[in-house]
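Below: the structure, in structure tokens.
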There are 2 protein chains.
Amino acid sequence: MTQTLPDPAHNHKLCISQALTTAEQLCGARGVQLTPIRHQVLELIWASHKAVKAYELLDLLKPLQHAAKPVTVYRALDFLIEQGLIHRVESLNAFVGCRCSDKQHEQLLLICKHCQEVEERYAPEVMSALSEEINKAGFTVHSKAIEIQGVCTACRHLPLPQSNGQTT
Amino acid sequence: MTQTLPDPAHNHKLCISQALTTAEQLCGARGVQLTPIRHQVLELIWASHKAVKAYELLDLLKPLQHAAKPVTVYRALDFLIEQGLIHRVESLNAFVGCRCSDKQHEQLLLICKHCQEVEERYAPEVMSALSEEINKAGFTVHSKAIEIQGVCTACRHLPLPQSNGQTT
DNA sequence: AGGCAATTGTTATAATATAACATGCTTACT
DNA sequence: AGTAAGCATGTTATATTATAACAATTGCCT
């Protein structure tokens, strides 16, 4: 497990508390329940900007919820995804907090192979080009996943921890 | 398992044989071995334009290769992905033939929830907008996955087999 | 022949995810 | 109050996806 350099310009405690506050407000406004379990799972996901695996979350959740089982975590994750509070990172089978829950969140995820951090970007130009292409194809969209694997700025000069070879 | 309407303008036998011929030529040119197992797996994947699961492939492969085990299939899949002959569909944990092995294949996959067919599109406008965005972020790309879930033209007027609710 | 690399065989197990049914808790209606 | 309905959670079991570790085989090179 590689440790990231904390971005000095980034107050992560604030980052977490904002995410949680927003989530609480959204759920309140929508009349859905951000129960203790769901809140804890969300908080655990927001503990970093890395993508977190379901079973990692389970291990982290167990001390807080003695009865926690895989299903417990997956149910919470399902809820959080439905509410747009987290993203599922398809290419990693992992999960990451979503910063854009109140807007139309068109996710473009930059996934660093070195530090596992995931940066979410808006990229309206990409999205409009994409929408146009999809319309051309006569396709009706339900969801989009754009996932870019590579190395982030911070890790650019570091060696990869272990390569998985794939270059597309 | 929903059955698709065969596209009348599409000679799939030709489609398969072209894909296999191309694959053979490419492997020959690259000095890598498209062994019987690998060839069979590729052919099984090309049997449709649907995304196929590894264990489905295993079941299909067993009659042809008595000793086939999960590893057998995954090794063949790894090879085919490395050679750019198939795509891994991350959002389905499944695999689909790649039509663009000789070019730089930047995949944009349109995945129909109804018929499971996957359409691959080039979309250079999308890709250039995407590259620009990635450069802006100072990110070094290793691989890209753009996967759009929805309903294709052919299935537009049919009811969904079963919804999985997620809308992003 | 001997050695090396690549492929495949074999066994076992890890990692990811869901099914099915039971329990408890709130609300809302009568 | 009684009870039905909806929801979240508990509990047990199992399905699905993927890899590790080591042995055997094959083809090729010298």
Side-chain angles (χ1 to χ4, degrees), chain A residues 1 23-24 27-28 30-42 44-45 51-62 64-83 85-96 116 162-166, chain B residues 1 23 27-28 30-42 44-45 51-83 85-96 116 162-166:
Chain A
M1 197 59 64
E24 289 155 12
C27 290
R30 290 173 184 169
V32 296
Q33 303 178 51
L34 191 59
T35 61
I37 290 180
R38 291 166 177 177
H39 193 280
Q40 285 163 351
V41 170
L42 183 57
L44 290 170
I45 289 174
V52 194
K53 301 258 178 184
Y55 279 72
E56 287 172 25
L57 287 170
L58 178 56
D59 289 340
L60 297 167
L61 184 62
K62 271 178 179 164
L64 310 175
Q65 294 286 340
H66 182 64
K69 299 274 183 314
V71 176
T72 316
V73 171
Y74 281 105
R75 282 171 179 158
L77 291 170
D78 286 347
F79 171 86
L80 296 170
I81 288 170
E82 266 171 30
Q83 297 303 321
L85 300 171
I86 62 172
H87 293 300
R88 183 182 159 82
V89 184
E90 301 289 356
S91 52
L92 297 178
N93 295 330
F95 306 85
V96 73
Q116 287 81 52
Q162 76 289 328
S163 169
N164 66 11
Q166 191 174 334
Chain B
M1 198 59 63
C27 290
R30 291 172 184 170
V32 297
Q33 303 178 51
L34 190 60
T35 61
I37 290 179
R38 292 166 176 176
H39 193 280
Q40 286 163 351
V41 169
L42 183 58
L44 290 170
I45 290 174
V52 194
K53 302 259 179 181
Y55 279 72
E56 287 173 25
L57 286 170
L58 178 56
D59 289 340
L60 296 168
L61 183 62
K62 271 178 180 164
L64 311 174
Q65 293 287 341
H66 182 63
K69 299 274 184 315
V71 175
T72 317
V73 171
Y74 281 105
R75 282 171 179 158
L77 291 170
D78 286 346
F79 171 86
L80 296 169
I81 288 169
E82 266 171 30
Q83 297 303 321
L85 300 171
I86 62 172
H87 293 300
R88 182 182 159 84
V89 184
E90 301 289 357
S91 52
L92 297 178
N93 296 330
F95 306 86
V96 73
Q116 286 83 52
Q162 76 287 330
S163 171
N164 66 10
Q166 191 174 334

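This is a predicted model, so every value here is computed, not measured. When reading the values below, keep in mind they use all heavy atoms of this one structure, side chains included, and skip hydrogens, waters and symmetry mates. In what follows, chains carry the letters A, B, and so on, assigned in the order in which the sequence lines appear, proteins first and then strands, with residues in each chain numbered from 1.
Among the protein residues, K69(B) comes within range of the nucleic acid bases, having at least one heavy atom under 4.0 Å from a base atom. Using a 4.0 Å heavy-atom distance criterion, R75(B) is classed as a base contact.
Listed pair R88(B) / dT17(D) fails the phosphate criterion, with no side-chain N or O lying under 4.0 Å from OP1 or OP2. Taking 4.0 angstrom as the limit, Q33(A) places a side-chain polar atom (N or O) nearer than this to OP1 or OP2 of dA8(D).
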Problem - side-chain contact (heavy atoms from CB on, under 4.5 Å) evaluation trace for F79(B) with L34(B) - result: CA-CA 9 Å; F79(B) 171 86; L34(B) 190 60; 4.0 Å; yes
Handout entry: Chi angles and distances behind the side chain to side chain donor-acceptor pair (under 3.5 Å) call for R30(A), Q83(A)
Key = CA-CA 9 Å; R30(A) 290 173 184 169; Q83(A) 297 303 321; 2.9 Å; yes
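When each of R38(B) and A54(A) is assigned the nucleotide of DNA chain C with its nearest heavy atom, R38(B) is the one assigned upstream, toward the 5' end. When the nearest nucleotides of DNA chain C are assigned to P70(A) and Q65(B) by heavy-atom distance, the more 5′-ward of the two goes with Q65(B).
Atom pair Y74(A):OH and dA15(D):P shows a separation of 17 Å (rounding to whole Å applied). Taking atom NE2 of residue H66(B) and atom P of nucleotide dT8(C), one finds them 17 Å apart after rounding to whole Å. In this entry the distance linking CG of D59(A) with P of dT16(C) reads 11 Å, nearest Å. The CG-P distance, from L92(B) to dT18(C), rounds to 12 Å in whole Å. As a whole-Å value, the separation of I37(A) CD1 from dG24(C) C1' is 13 Å. Distance N93(B) CG to dA15(D) P: 18 Å, rounded to the nearest Å. Following rounding to the nearest Å, K53(B) (NZ) and dT16(D) (P) show an atom-to-atom distance of 10 Å. Here the C1' atom of nucleotide dC7(D) and the CG atom of L34(A) are 15 Å apart, to the nearest Å.
Here the side chain of K53(B) pairs a donor or acceptor atom with the backbone of L92(B) at under 3.5 angstrom.
For residues 66-78 of chain A, the set of pairs meeting the side chain to side chain donor-acceptor pair (under 3.5 Å) definition, not counting sequence neighbours, is empty.
If you check distances only, the side chain of Y55(A) does reach the base of dA17(C) with a donor-acceptor pair under 3.5 Å.
Pairing each heavy atom of A23(A) with each of L42(A), the nearest pair is CB-CD2, 3.5 Å.
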